[in-house]
**Student:** 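Structure provided below as structure tokens; questions to follow.
The structure displayed is predicted, hence computed values, not measured ones. Below, read A as the first sequence line, B as the second, and so on, with proteins coming before strands; counting in each chain starts at 1.
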2 protein chains.
Amino acid sequence: MAITLGSVQLRIMRVLWDEGEATARRITDVLSEQSPIAHSTVQTLLRKLETKRAVAHEQQDRTFFFRALVAESEVTRSAAQDLLARVFQGSISGLVGHLLESEEVSPEEMQRLRQLVNHKTQEASE
Amino acid sequence: MAITLGSVQLRIMRVLWDEGEATARRITDVLSEQSPIAHSTVQTLLRKLETKRAVAHEQQDRTFFFRALVAESEVTRSAAQDLLARVFQGSISGLVGHLLESEEVSPEEMQRLRQLVNHKTQEASE
DNA sequence: GATCGTAGTTTACCACGGTAAATCTCAGAT
DNA sequence: ATCTGAGATTTACCGTGGTAAACTACGATC
């Protein structure tokens, strides 16, 4: 059941995760802040998301209110696992190595990263 | 120029990276070890890879020898960056956090990971 | 009551990855 | 000379993501 979403679908889901529930119109407006998108495009994608059980809607008056059926963590996790398996053949250090080489990483990020790794190391030894 | 490849295309590229150059037949054989794939499928994908300048071929007698035009590091890097941007909005710690939670990580992997992170931290402070 | 706007529905394309059969071509075997 | 096998090429189909116009329905407003 690996839930894989396209980039626009992901942005739609993000609105739902942020706001709990939203109308198609609301989503169109939020997405359009970044780059213009036709309302019917958003509606089509919501439909496709509903088909694959990633969202559901309920009606009030003439308007649909959508909400997410899958958790953000679920989606991001399967995306990360997918990449890890497909591209890095399971090697987390391979993935992280590449990222550290090619991205500008803020000191805060590095801090968080170190904590994550050390925490996990500790866990393993207790 | 983000080179993005599908999973089978990636497996094809891996053969080329491993072997330097290979015929379509050779690639079919290698891929078929894992799961059977029609020769013509491999040829079609090689064609598509050639169209997008990921591979090139040269002819000897009646046979094409393919080689990679893009480096493995280039492809894996752009895949990782793509995921990072699209799904984790740039947060490496977010990505790594998810992976550490959901994957079994061997002690060796953790070791390498710690080294990576500490090394990078050191770099930043010199 | 005609019109306007907004919601949702239908329909249609395009691109890409993957899948593969069908066909063409030609060198080597019989 | 003919057949066979292996290579390459052509053609075709499906699924998914993305894109959006066209159409329908309906409540509110002039």
**Student:** Could you give the CG-to-P distance, from Leu46(A) to dT19(D), as a whole number of Å?
**Tutor:** 13 Å
**Student:** For a 4.0 angstrom threshold against heavy atoms of chain B, report the outermost contacting nucleotides of DNA chain C in 5' to 3' order.
**Tutor:** dG17(C) to dA27(C)
**Student:** In this structure, which one of Glu109(A), Glu108(A), Gln115(A) forms a side chain to side chain donor-acceptor pair (under 3.5 Å) with Arg112(A)?
**Tutor:** Glu109(A)
**Student:** Establish, with yes or no, whether the OP1 or OP2 oxygen of dA8(D) is under 4.0 angstrom from a side-chain nitrogen or oxygen of Arg62(B).
**Tutor:** no
**Student:** Which listed nucleotide (dG18(D), dA20(D), dA8(D)) is nearest to the side chain of Ala24(B)?
**Tutor:** dA8(D)
**Student:** Under 4.5 Å between side-chain heavy atoms, counting indirect links through other Ile/Leu/Val/Met/Phe/Trp/Tyr residues: same cluster for Val75(A) and Leu69(A) or not?
**Tutor:** no
**Student:** Give Thr41(B) one of three labels, base, sugar-phosphate or nothing, depending on what nucleic acid heavy atoms sit under 4.0 Å from its own.
**Tutor:** base
**Student:** Take Thr44(B) and Lys52(B), find for each the nucleotide of DNA chain C with the closest heavy atom, and name the residue whose nucleotide sits nearer the 5' end.
**Tutor:** Lys52(B)
**Student:** Checking all strands, does Thr63(B) fall into the base, sugar-phosphate, or nothing category for heavy-atom contacts under 4.0 angstrom?
**Tutor:** sugar-phosphate
**Student:** Is there a path from Leu31(A) to Phe65(A) through hydrophobic residues (I, L, V, M, F, W, Y) whose side chains come within less than 4.5 Å of each other?
**Tutor:** no
**Student:** Hey, could you give me each pair passing side-chain hydrogen bond (donor to acceptor under 3.5 Å, both in side chains) that has a residue in residues 54-70 of chain B? Not counting sequence neighbours.
**Tutor:** Glu50(B)-His57(B)
**Student:** Let me spell it out: for each of His39(B) and Lys48(A), pick the nucleotide of DNA chain D with the closest heavy atom. Which residue's pick is nearer the 5' end?
**Tutor:** His39(B)
